[in-house]
Amino acid sequence: MPKTLRYFILIVIIIALAFGVTFLRHAEVNTIIFEDSTSNSGITYIGMTHGAAWGDFDGDGLPDLYVTNHLRGAKLFRNLGQGRFSDVTDTLFAPKDLSGDKHGAAWADFDNDGRMDLVQLTGAGQGVGSEPKRLFQNLGTKFEDVAEVSGIANPFGRTRMPLWHDFNRDGQLDLFQGAESRFDKLEPPFIFLQQGGKFSASTDALKFVSRSPMFCITTSLNNDNHPNVVCKVTGGKTTSQIFDTSTLPTRELDLLPKTAFEDIAAGDFDNDGFIDLYLARKNPPGPVAFGRPGSNEVIADVRSDQANVDKPIGFTFRSTGQLTFRVASASPNNALSVDRIHLGKQGTHPGNFTFALSSKIPGVAGLPANEPGKQAGVFIGMTAPDQWEVRVTAPREVLDKSKHQQIAIKVTSTGAITDLAAIGDPPSPEEAPARLFMNRDAKLVEESDKRGINKRIIAGVNVVAGDFDNDMHLDLFVVASGEIGKQENLLLLNRGDGHFDVVRAAGGAAGDRKGVGDSVTTVDYNGDGFLDLLVATGGSMGRSLGLPSENGTYRLYHNVGNGNHWLELDLEGTSSNRDGIGAIIRVTAGGVTQVRVQDGGIHERGQNHQRLHFGLAKHQQVEKIRVVWPSGVVQELQGVKADQVLRIKEPGQPAIGGAA
């Protein structure tokens with residue numbers, strides 16, 4: 001064989017091997033970790049959502065579920081065991097407590113009496129009015145709203161997500177009320193410090209650079225055994241602020257670059273003892289945004305503003321079936337009347353906002369004349385056989401007052417809907433690369449590309465970290481969704497060295513395309529030692545409010561488990577706050593040390609059950625547990641058996657040693 005031919009064959013083999021390795025590296029892992037157990041759980045609901053909060057309100061060791069449902073009535077589901085839940089809302093809450101513009105909620109034992117209480121944040125009359133926040137004190141037989149007498153009612157706060165944290169380290173939980181800026185000049189407080197069940201507003205505890213600190217999480221980034229608070233802010237010169245809470249007023253840490261994100265998951269992804277940060281991200285949609293719940297259904301949101309008021313805006317599609325249209329004004333909510341919906345070239349009007357059309361109906365061909373910028377209107381017509389066009393106009397004078405006009409349109413067909421396209425500028429891709437910052441000796445270094453987190457790029461709206469296969473390595477689960485259309489969720493399994501693989505169909509929790517992605521929370525709801533998931537898909541803020549979110553649900557995904565061992569910890573503070581929020585816990589088994597921060601489970605629009613979970617792989621015993629309590633007390637336990645829920649109570653003085 002000629003030497004040149006041998007060289008050529010060798011090069012081909014090398015290239016083939018390289019491509020093969022690349023393919024294997026990027027291939028999806030095919031494994032089932034979750035199964036949908038919603039139908040048998042008793043958690044029934046359809047409509048808009050705004051996160052979920054897990055907490056054991058009755059002290060029976062089983063995590064219960066509170067859901068705010070945004071503008072609809074809140075619900076409390078009691079965990080009955082064996083995967084079943086019961087709606088006990090009406091027996092524990094007064095009806096007036098369940099209504100209003102409800103946003104984030106979070107459980108905590110703020111009065112240190114051994115019972116979980118609940119804070120419920122609300123809006124503020126569309127950013128110009130007022131609505132009191134709620135603090136439900138757990139009296140054992142019912143919940144009583146004590147927000148007003150406790151000092152956290154904050155009626156002018158346009159609040160979003162709470163955080164319980166002991167900012168002044170006095171053993172009592174304080175409250176952060178994440179908020180968006182009002183449309184007037186009022187600046188309601190964000191931080192409320194507690195003293196004996198009474199709260200007072202503080203302007204010095206955390207110095208925000210913006211009037212919109214949306215949410216914060218508790219973690220520990222500088223390895224000094226003191227918790228930090230990481231906050232998302234909008235409208236300032238940065239997108240995040242990180243505070244060292246070992247002193248008050250707090251000291252700001254410059255650790256993250258300016259980057260937009262939707263949610264944060266904090267965890268030690270490579271088990272080096274330092275907490276890393278994963279940022280879930282998405283891009284905003286263009287003037288026309290689409291949701292595709294199914295092949296025969298489209299939801300479109302058409303947004304007009306001063307930049308496009310004089311341009312044609314809308315969408316086209318093809319379908320041979322009979323169509324049902326539903327038109328809704330999203331902003332302003334009175335922008336349209338039925339006589340401003342025009343059908344066919346003659347511009348006839350339907351009888352109401354929901355109506356049927358087909359090619360067999362006379363007068364639907366063509367489009368009537370319409371002048372962008374002159375009036376609010378929706379114009380619908382068949383422009384070619386089986387091809388339909390929808391145009392939306394907005395008047396300039398309305399945009400001068402409200403800044404924008406939003407019209408939501410839902411189209412359902414008895415046949416497939418194809419060739420969907422926006423008129424004018426094409427829809428902007430909402431998918432955005434996530435960012436992973438690894439903690440290198442208290443410095444956050446981005447290693448997104450080398451860690452494999454963007455093998456499948458999604459529009460990430462919410463994220464949790466957890467060891468879902470109990471192999472001693474933290475994994476990631478991300479809810480994926482456009483602004484008005486749900487996408488397939490993403491599960492990233494940690495290989496064991498901080499590199500991640502995509503799991504096909506999110507390991508059984510891919511979800512469907514109905515509703516809008518809202519939040520995900522982790523919980524071991526049946527006590528089998530494996531983390532389960534609750535995914536909310538009625539996201540209802542901004543462009544998703546109303547029609548896009550009306551088919552939202554809660555999906556409960558049970559972890560099918562495997563042969564790996566586990567340990568779960570409940571903390572009980574004495575000198576520290578009862579929940580132990582801010583404690584730093586290290587668990588060593590088989591020579592591997594895992595670190596967790598008791599963060600109360602809180603992240604954007606959700607609260608995981610605060611019980612701490614550790615996968616132990618094949619290890620049946622934990623060599624050492626080390627707890628650094630917020631009070632500074634250091635506690636160590638040795639020789640702890642696996643596969644149990646262990647309650648650790650803070651000793652009255654520094655204690656090292658002992659066995660469980």
Side-chain angles (χ1 to χ4, degrees), residues 61 219-227 266-276 438-439 441-442 465-475 493-499 522 524 527-531 559 561-574 576 579-599 608-660:
T219 188
S220 180
L221 299 173
N222 48 7
N223 206 34
D224 62 357
N225 287 329
H226 293 291
D268 183 4
F269 297 115
D270 55 359
N271 284 344
D272 67 350
F274 292 89
I275 300 293
D276 315 303
M438 303 300 289
N439 194 327
D441 196 19
D467 186 357
F468 299 118
D469 52 4
N470 281 2
D471 67 349
M472 306 181 73
H473 305 288
L474 285 177
D475 312 303
L493 275 190
N494 193 331
R495 295 182 191 171
D497 56 0
H499 292 74
T522 57
D524 178 9
D528 65 356
F530 288 84
L531 284 177
N559 192 322
N562 55 39
N564 286 338
H565 298 284
W566 54 274
L567 179 69
E568 294 179 347
L569 303 179
D570 288 334
L571 302 185
E572 182 181 331
T574 54
S576 305
D579 292 352
I581 291 175
I584 300 172
I585 304 92
R586 289 177 170 83
V587 169
T588 301
V592 176
T593 298
Q594 302 177 63
V595 61
R596 303 282 191 273
V597 178
Q598 178 52 283
D599 57 7
N608 308 318
H609 188 213
Q610 63 177 241
R611 178 173 288 162
L612 298 165
H613 171 269
F614 296 83
L616 298 179
K618 302 305 178 184
H619 306 292
Q620 299 183 44
Q621 182 169 285
V622 169
E623 296 150 21
K624 183 170 71 173
I625 300 173
R626 179 182 175 88
V627 182
V628 180
W629 292 90
S631 65
V633 169
V634 178
Q635 184 177 9
E636 289 188 0
L637 303 173
Q638 284 108 19
V640 176
K641 292 182 180 180
D643 303 330
Q644 65 167 315
V645 177
L646 177 66
R647 175 170 288 274
I648 300 179
K649 186 174 182 178
E650 180 183 15
Q653 57 186 0
I656 296 180

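Taking CG of Leu637 as the start and CZ of Arg626 as the end, the distance is 11.5 Å to the nearest 0.5 Å. To the nearest 0.5 Å, atoms CG (Leu616) and CG (Asn564) are separated by 9.0 Å. Summarising the geometry, atom CD1 belonging to Ile275 is positioned 7.0 Å from atom OG belonging to Ser220; distances are rounded to the nearest 0.5 Å. Asn223 CG to Asp441 CG: the interatomic distance, rounded to the nearest 0.5 Å, is 7.5 Å. Expressed to the nearest 0.5 Å, how far CZ of Phe269 lies from CG of Asp475 amounts to 9.0 Å.
Across every non-hydrogen atom of Asn608 and Thr522, the tightest pair is OD1-N, 2.9 Å. Residues Asn225 and Arg586 share a closest heavy-atom pair of OD1-NH1, 3.7 Å. Val633 approaches Pro651 most closely through the heavy-atom pair CG1-CG, 3.8 Å. Among all heavy-atom pairs drawn from Leu567 and Val640, the shortest one is CD1-CG1, 4.2 Å.
Considering only residues two or more places apart in sequence or on other chains, Thr593 meets the side-chain hydrogen bond (donor to acceptor under 3.5 Å, both in side chains) condition with Thr588. Scored by the salt bridge (Lys or Arg N to Asp or Glu O under 4.0 Å) test, Arg611 finds Asp570 as partners (sequence neighbours excluded).
Using modelled atom types, one side-chain atom of Asn562 and one backbone atom of Asp469 make a donor-acceptor pair closer than 3.5 Å. Checking side-chain atoms of Glu623 against main-chain N and O of Gly590 turns up a donor-acceptor pair under 3.5 Å. Remark: side-chain polar atoms of Asp599 are not paired, donor with acceptor, to backbone N or O of Ala266 under 3.5 angstrom. In this structure a side-chain-to-backbone donor-acceptor pair under 3.5 Å is present from Asp268 to Gly273.
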Inset, instruction - Run the numbers on Lys624 and Glu636 for side-chain contact (heavy atoms from CB on, under 4.5 Å), then give the verdict. - result: CA-CA 7 Å; Lys624 183 170 71 173; Glu636 289 188 0; 3.7 Å; yes
Inset, instruction - Go through the steps to decide whether Asp497 and His499 satisfy the test side-chain hydrogen bond (donor to acceptor under 3.5 Å, both in side chains), and finish with yes or no. - result: CA-CA 6 Å; Asp497 56 0; His499 292 74; 3.1 Å; yes
Inset, instruction - Would you sort out whether Asn470 and His613 count as a side-chain contact (heavy atoms from CB on, under 4.5 Å), showing the intermediate values? - result: CA-CA 9 Å; Asn470 281 2; His613 171 269; 2.9 Å; yes
Legend entry - Test side-chain contact (heavy atoms from CB on, under 4.5 Å) applied to Leu612 and Glu568, step by step: CA-CA 5 Å; Leu612 298 165; Glu568 294 179 347; over 6 Å; no
Legend entry - Verdict with reasoning, Arg596 to Gln598, per side-chain hydrogen bond (donor to acceptor under 3.5 Å, both in side chains): CA-CA 7 Å; Arg596 303 282 191 273; Gln598 178 52 283; over 6 Å; no
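Test Ile625, Ile585, Val595 against Phe614 for side-chain contact (heavy atoms from CB on, under 4.5 Å) and you get one pass: Ile585.
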